[in-house]
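These notes concern the structure reproduced below.
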Amino acid sequence: MEWKKLFDIPLILSCRGSELIMENEINVMERLYICRRVFAGKIQSILFYLCRIFPIDGRKIVFCCIEGTTGYTCNPKYIAREFIRGDSHCKDFKLVWLVNDTSKKFPNKIKVVKNTLINRAYYLSTAKIWIDNSRKQLECRKRKGQIYIQTWHAKIGFKPTCLDRGKSFSKIAYIVSKHDSDMVDYWLSNSDWYDKTLSRGSLYNGKVLRTGSPRCDILVRGRKKQHIKIREEYGLPEDAKIMMYAPTFRGGSQGTDRIVQTDEGTVDYDMLIANLEKKFGGKWYLFLRLHPQLVARKIKQKAKRGTTIDKRVIDVSREDDMYRLLAGCDAFITDYSSAAFDAAVMEIPIFLYCDDYKEYEKERGSLLWDLKKLPFGLALDNNELRKRIEEFDDLKYRRGLQEFFAETGMAEKGDASVKVVDFICKQVVGE
C-alpha cells in the first residue's frame with residue numbers, strides 16, 4: 001500500500017448515525033497516524049543517506065534483537081557466539097550490537113552501541129552484514145553491496161502474523177513489515193512448513209537459508225552442560241527437576257498501546273508442582289518466564305506466600321536468554337508461544353495452558369494449528385492441566401512428535417549457527 005494514497009480514501013461526512021461518524025473518525029485518526037509515521041521515517045532516513053559518505057566495512061556485522069529492547073539473546077546471540085569461537089578465518093570480524101540498555105552483559109569481543117537513530121544510521125550504513133530477529137525501523141535504508149540476514153524470533157508457531165491475521169493486521173503493520181522484508185536478502189528457515197508460510201506470514205518471497213534456528217542449537221547439543229550449570233547457578237539440588245512456564249505476549253499491535261494482561265486466571269503453581277511430583281517423581285521447581293512487560297509484583301500471584309511451594313517458584317523473567325535456561329529444563333508449559341515447538345526438539349513433556357483461547361483468537365485471529373491435534377497436552381483450566389499430566393504417556397508423546405516433525409519437515413540438528421557463519425564467511429564475504 002503506497003502511503004501517498006492514504007488521503008485518497010473518501011471521508012464519510014454524512015450524519016446518518018453515530019456509528020458511521022465514529023467509524024469515520026477512527027479511519028481519519030489511523031490515516032493521520034500512518035502518515036505521521038511514514039513522514040517521520042522519510043525524514044529520519046536522511047541520516048542513512050548522509051552516512052553513505054563512509055565506506056562499507058566488509059568485516060563489520062551489526063546485530064540487533066527486537067528493535068534493541070532485549071540484550072544478548074535469541075538467534076543473533078548464537079550466531080555472534082559462533083563468530084567469537086569460530087575458526088581462524090572468522091575471528092577478525094568486527095561485531096557490533098545495537099541495544100537500548102547498554103548496561104546489559106555482552107562478550108568483550110562485541111562492541112555494544114546505544115540504539116539511537118544516529119548510531120543506527122552510521123553503524124548499519126557502514127556494515128557489510130545486518131543480522132536481526134525482528135523488523136527494522138521505517139527510517140532504515142540498505143545500501144548496494146550490503147547483506148541483510150533475517151533470523152526472525154520464531155519459526156513454526158501458533159500465532160497468525162501479517163496477512164494471516166486478516167482484518168487485525170493493521171495498515172501501519174503492513175507498511176513496516178513490507179519495508180523490512182523488501183530489504184532482506186536471506187531469511188533463515190527450519191522446515192518445509194515455514195518455507196511455505198513465509199509469503200503470507202512474513203511478506204517475504206526472497207531467498208531462504210534452510211539452516212535451522214541458531215537459538216535451538218543449545219537445546220540439541222548443550223543440554224547436559226546446561227543441566228548442571230543452571231542448577232548450580234540457581235542453587236538447586238543436582239537432581240532437581242525443572243518445569244519452565246512461559247506464557248506468550250498479550251494485547252496490542254502496531255499503533256496501539258501494547259500491554260500484557262495478567263489476572264487470576266492463570267496456572268495454579270501449587271497444584272502444578274504437586275501433580276508433576278506425583279506423576280514423574282523427584283523434587284520439582286518452577287521457572288517463571290513471563291513476558292518482560294508483565295508487572296513483576298504480579299508474577300507470583302498464584303503461589304501461596306511462605307509455603308514450601310512458594311520457595312520453589314523462581315522468577316527468571318529478567319534473563320535475556322530464555323533458551324540457555326530451557327536447555328536445562330525437564331518439562332515446559334506455555335499457551336501460544338512458538339517456544340513450544342522449539343522445546344519439542346528436546347522431547348521433554350510439553351503442555352499448553354490456554355484458559356483464554358476464545359479471547360486470544362478474537363485479538364490475534366484464528367491460530368495456525370488445531371491445538372487438539374498437536375502432540376502437546378492441551379488444557380483450558382487447571383483441572384484439565386492436572387488430567388493432562390496424569391494421563392501423560394511418554395511413548396505416545398514421542399511418537400506424536402516424530403509424526404509432527406515428519407509432517408512439517410522440521411529439522412533442528414544443533415548446527416544452525418555454524419551453517420550461518422560458514423555461509424557468511426565462504427559465500428557472502430567470499431572467503
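Of the possible donor and acceptor atoms, none in the side chain of Arg52 sits under 3.5 Å from a partner among the backbone N and O of Ser125. No donor-acceptor pair under 3.5 Å is formed between the side chain of Trp193 and the backbone N or O of Asn190. Judged by distance alone, with hydrogens and angles left aside, the side-chain atoms of Asn133 form a donor-acceptor pair with the main-chain N or O of Ile66 at under 3.5 Å. Of the possible donor and acceptor atoms, one in the side chain of Asn75 sits under 3.5 Å from a partner among the backbone N and O of Trp152. A donor-acceptor distance shorter than 3.5 angstrom exists from the side chain of Lys128 to the backbone of Gly145, with no hydrogens or angles considered. Judged by distance alone, the side chain of Ser181 and the main-chain N or O of Lys178 form no donor-acceptor pair under 3.5 Å. Using modelled atom types, one side-chain atom of Thr334 and one backbone atom of Ala246 make a donor-acceptor pair closer than 3.5 Å. Using modelled atom types, one side-chain atom of Arg141 and one backbone atom of Leu138 make a donor-acceptor pair closer than 3.5 Å. Under the 3.5 Å distance criterion, the side-chain polar atoms of Trp97 are left unmatched by any main-chain donor or acceptor of Tyr72. Here the side chain of Ser317 pairs a donor or acceptor atom with the backbone of Leu290 at under 3.5 angstrom.
Contact record, Thr126 with Gln146: N-NE2, 4.1 Å, taken as the closest heavy-atom pair. A pairwise comparison of heavy atoms in Gly201 and Cys162 identifies O-SG, 3.3 Å as the closest pair. For the residue pair Trp369 and Glu407, the shortest heavy atom distance occurs at CZ3-OE2, 4.0 Å. Contact detail for Val208 and Ser189: the closest heavy-atom pair is CG1-CB, 3.4 Å. Closest approach of Lys396 to Asp393, counting heavy atoms only: N-OD1, 3.1 Å. Between Arg165 and Pro160 the shortest heavy-atom distance is CG-O, 3.2 Å.
Inspection of the Tyr78 and Asp321 side chains reveals an N or O donor paired with an N or O acceptor under 3.5 Å. A donor atom on one side chain and an acceptor atom on the other are not found under 3.5 Å apart for Asp132 and Tyr148. Inspection of the Tyr336 and Asp356 side chains reveals an N or O donor paired with an N or O acceptor under 3.5 Å. When only modelled atom types and interatomic distance are considered, Asp217 and Tyr323 share no side-chain donor-acceptor pair under 3.5 Å. A donor-acceptor pair shorter than 3.5 Å can be found between the side chains of Asn382 and Tyr353.
Applying side-chain hydrogen bond (donor to acceptor under 3.5 Å, both in side chains) to Asn115 and the options Thr69, Asn100, Thr102 leaves one that passes, Asn100.
Taking the six-membered ring for Trp and the full ring otherwise, Phe392 and Tyr397 have centroids separated by under 6.0 Å. Under the 6.0 Å cut-off for aromatic ring centres, Phe351 and Phe332 do not qualify, their centroids lying 6.0 Å or more apart. The ring of Tyr285 has its center no closer than 6.0 angstrom to the ring center of Tyr234. Annotation: Phe423 is in aromatic contact with Tyr186 [ring centroid separation under 6.0 Å].
No cation-pi contact links Lys207 to Trp187, judged by a cut-off of 6.0 Å to the six-membered ring centre and 45° from its axis. Cation-pi geometry between Arg59 and Phe93 is met: under 6.0 angstrom from the ring centre, within 45 degrees of the axis.
Under the 4.0 Å criterion applied to side-chain N and carboxylate O atoms, Lys419 and Glu82 are not assigned as salt-bridge partners. Salt bridge status for Asp330 with Arg231: present, with a side-chain N to carboxylate O gap under 4.0 Å. Arg120 and Glu139 are joined by a salt bridge, as a carboxylate oxygen and a charged side-chain nitrogen come within less than 4.0 angstrom of each other. Salt-bridge formation is not detected for the pair Lys241/Glu277: no Lys NZ or Arg NE/NH1/NH2 atom is positioned less than 4.0 Å from an Asp or Glu carboxylate oxygen.
Pairs passing the salt bridge (Lys or Arg N to Asp or Glu O under 4.0 Å) check and including a residue from residues 186-205, sequence neighbours excluded, read Asp164-Arg200, Asp192-Arg210, Asp195-Arg210.
Contact check for Ile149 versus Ile147: side-chain heavy atoms found under the 4.5 Å cut-off. Using a 4.5 Å heavy-atom cutoff, the side chains of Phe48 and Arg143 are not in contact. Side-chain contact between Val99 and Phe106: present, with at least one pair of heavy atoms (C-beta onward) separated by less than 4.5 Å. Residues Leu325 and Glu319 form a side-chain contact, since some pair of their non-hydrogen atoms from C-beta on lies under 4.5 Å apart. A 4.5 Å side-chain heavy-atom check between Asp335 and Tyr357 finds every atom pair outside the cut-off. Contact check for Tyr123 versus Cys51: no side-chain heavy atoms found under the 4.5 Å cut-off. Looking at Ile110 and Val96, their side chains never come closer than 4.5 Å, going by heavy atoms from C-beta outward. At a threshold of 4.5 Å between non-hydrogen side-chain atoms, the residues Arg312 and Lys283 count as touching.
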>> With ring pair (Phe, Tyr, Trp, His ring centres under 6.0 Å) as the criterion, how do Phe54 and Tyr122 come out once you've worked through the C-alpha distance, each side chain's angles and the decisive distance to 0.1 Å?
In response: CA-CA 8 Å; Phe54 303 106; Tyr122 173 75; 5.3 Å; yes

> What's the verdict on side-chain hydrogen bond (donor to acceptor under 3.5 Å, both in side chains) for Asp320 and Thr70, showing C-alpha distance, side-chain angles and the deciding distance?
Replying inline: CA-CA 6 Å; Asp320 278 324; Thr70 58; 5.9 Å; no

> Under the salt bridge (Lys or Arg N to Asp or Glu O under 4.0 Å) criterion, do Arg324 and Glu233 qualify, and how do the steps go?
Replying inline: CA-CA 12 Å; Arg324 76 176 193 90; Glu233 185 175 332; 2.6 Å; yes

>> Pair Gln402, Glu347 - check side-chain hydrogen bond (donor to acceptor under 3.5 Å, both in side chains), show working.
In response: CA-CA 10 Å; Gln402 295 308 314; Glu347 298 189 355; 2.8 Å; yes

> Passes side chain to side chain contact (heavy atoms under 4.5 Å, CB included), Cys329 versus Phe287? Steps please.
Replying inline: CA-CA 9 Å; Cys329 291; Phe287 273 7; 4.2 Å; yes

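Rounding to the nearest 0.5 angstrom, the gap separating the CZ atom in Arg215 from the CD1 atom in Ile218 is 12.5 Å. Here CZ of Phe63 is found 12.5 Å from SG of Cys74. Values are rounded to the nearest 0.5 Å. Taken to the nearest 0.5 Å, the CG atom of Leu209 stands 12.0 Å off from the CD atom of Gln150. Atom CZ of Phe341 is separated from atom CE of Met410 by 8.5 Å, given to the nearest 0.5 angstrom. Here the CG atom belonging to Asp422 is positioned 10.5 Å from the OG atom belonging to Ser417, to the nearest 0.5 angstrom. Distance OG/Ser45 to CD/Gln137: 12.5 Å, rounded to 0.5 Å.
Remark: Lys155 engages no residue in a salt bridge (charged side-chain N to carboxylate O under 4.0 Å, His left out) (not counting sequence neighbours).
Within 6.0 Å of atom CG in Leu117, more than 12 heavy atoms from other residues, nucleotides or ligands are found, so the atom counts as buried in its surroundings. Annotation: Lys94, atom NZ; neighbour count of heavy atoms from other residues, nucleotides and ligands within 6.0 Å does not exceed 12. Within 6.0 Å of atom CG in Asn108, 12 or fewer heavy atoms from other residues, nucleotides or ligands are found, so the atom counts as exposed in its surroundings.
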